[in-house]
Amino acid sequence: MQRSWCNSKKKKSTIERTMGLIGETTVVDSIKSIQFRQAFSQAVTLGIIVASALIIWKTLMCITGSQSPIVVVLSESMEPAFQRGDILFLHMSKDPIRVGEIVVFDVEGRDIPIVHRVIKVHERQDTGEVDVLTKGPDYIVMRTSRDTPNLHGDHNLHDDRRGGLYAPGQLWIQQHHILGRAVGFLPYVGWATIIMTDKPIVKYILIGALGLFVIISKD
Amino acid sequence: MHSFGYRANALLTFAVTLLALICAMSSLSDNLNSPSPSSHVKVLNINWFQKSTQGNDEVSMTMNISANLQSLFTWNTKQVFVFLAAEYETPQNSLNQVSLWDGIIPSKEHAKFWIHTTNKYRFTDQGSNLQGKEFNLTLHWHVMPKTGKMFADKIVMSGFSLPVEYR
């Protein structure tokens, strides 16, 4: 506030120089109106920033058809394909889900959606509805054909149904559980979100600093 | 106009823009690659074939999978996820896809492989339609980029069939 007062004082002097002939009372009035204008324009700037962020988000929602077009990977469950802090771009098209795709889905009784790979698909003949089974990490990294003894016999790994990830009694993931499928990927960017979720104090400091910056800065 | 804050801001904006541009370009450059992968799968043995207590048919089989996916790798490739799925049609379902085996290929050197394995995931039908069933084995792969768009493609191998009797 100190700085903005100084600024207005500086303005006062320039105004006095340019409008030297105008009486004292009008000068005071114009200063008051300038301060009001400044505050008003700052509020508008802040509004534009918030609104444009909202516009971008909503536009992405319209384009991708997914209610959360961008998600941050929170767990290590998809290593080594996706690591904690990576960003996934989701898409929700009319195309039916196919085996091998990475889908993000909700499970009843769990707050956070899950990112896992589809290993089984059954598509109904009459209705076209799909029953989908997923599994967790991509695990085994294959290295040269000499490693085959390690892979051999590594069968009957757990899917998410047997792994107990689904709601009790739930056999399949269906279309209405699915938020989207992953189509693109950007590493590391999601760390900002993770830090802000884990340590809310950082979030408040950041928002506070940004707010202060908008108030203080002249333009 | 020329305060430290403004300069830092301008520099940061420029750096982030440049980084985003490079990411976008490296993702786009993947389109220039036209891969020519090959694969061959042989079913060596049906280990067992039965109806589970839930009434679903289940099979265990031993396979020989060989593939050369080296041409999929570009400089923007982090890894290739490869899997083999059995695909068939039943009276109830227009498409059934069951993943049998999968693996991650971390680099080009390991992309030419040969493996002798039983199915890693359960080959279970939704119902009891597998006796004498003809099916395709499809080798799918998903190319995970270092950044940007993911690619996927497949090779369909047809002409496999299951025995008529449980064993």
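In what follows, every chain begins at residue 1, and chains take the letters A, B, ... in the order their sequences are listed.
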Checklist line | Backbone N/O of B/Ser94 and side chain of A/Glu123: donor-acceptor pair under 3.5 Å | finding: no
Margin query: Between A/Lys120 (side chain only) and B/Thr124 (backbone N and O only), is there a donor and an acceptor less than 3.5 Å apart?
Written below: yes
[atom1] ([X]) with more than 12 external heavy atoms under 6.0 Å:
X: B/Leu18; atom1: CG; value: yes
X: A/Ile201; atom1: CD1; value: no
X: B/Tyr166; atom1: OH; value: yes

Next item on the list: Enter the distance from A/Ile97:CD1 to B/Gln97:CD here, rounded to the nearest 0.5 Å.
Entry: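 Reported to 0.5 Å precision, the distance equals 11.0 Å.
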Next item on the list: Go through B/Ala85, B/Cys23, B/Pro91 and name the one with the most non-hydrogen pairs under 4.5 angstrom from chain A.
Entry: B/Pro91
Checklist line | chain A interface, residue from B/Lys78, B/Gln126, B/Glu89, B/Lys149 that has the most non-hydrogen pairs under 4.5 Å | finding: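 Top count of heavy-atom pairs under 4.5 Å with chain A: B/Gln126.
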Should [X] and [Y] count as side-chain neighbours, where that means a heavy-atom distance under 4.5 Å?
X: B/Leu95; Y: A/Arg98; value: yes
X: B/Met144; Y: A/Ile102; value: yes
X: B/Asn93; Y: A/Gln125; value: no

Next item on the list: Using a strict cut-off of less than 4.0 Å between a Lys/Arg side-chain nitrogen and an Asp/Glu carboxylate oxygen, indicate whether B/Asp102 and A/Arg117 qualify as a salt bridge.
Entry: no
Item checked: Region of A/Val99 in contact with chain B, defined by heavy-atom distances below 4.5 Å -> both
Next item on the list: Could you give me the CA-CA distance, side-chain angles and deciding distance for B/Gln54 and A/Leu171, then say whether side chain to side chain contact (heavy atoms under 4.5 Å, CB included) is met?
Entry: CA-CA 12 Å; B/Gln54 287 92 16; A/Leu171 294 181; over 6 Å; no
Note to self: Which atoms of B/Lys154 are under 4.5 Å from chain A, going by heavy atoms: the side chain, the backbone, both sets, or neither?
What the structure shows: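 Neither part.
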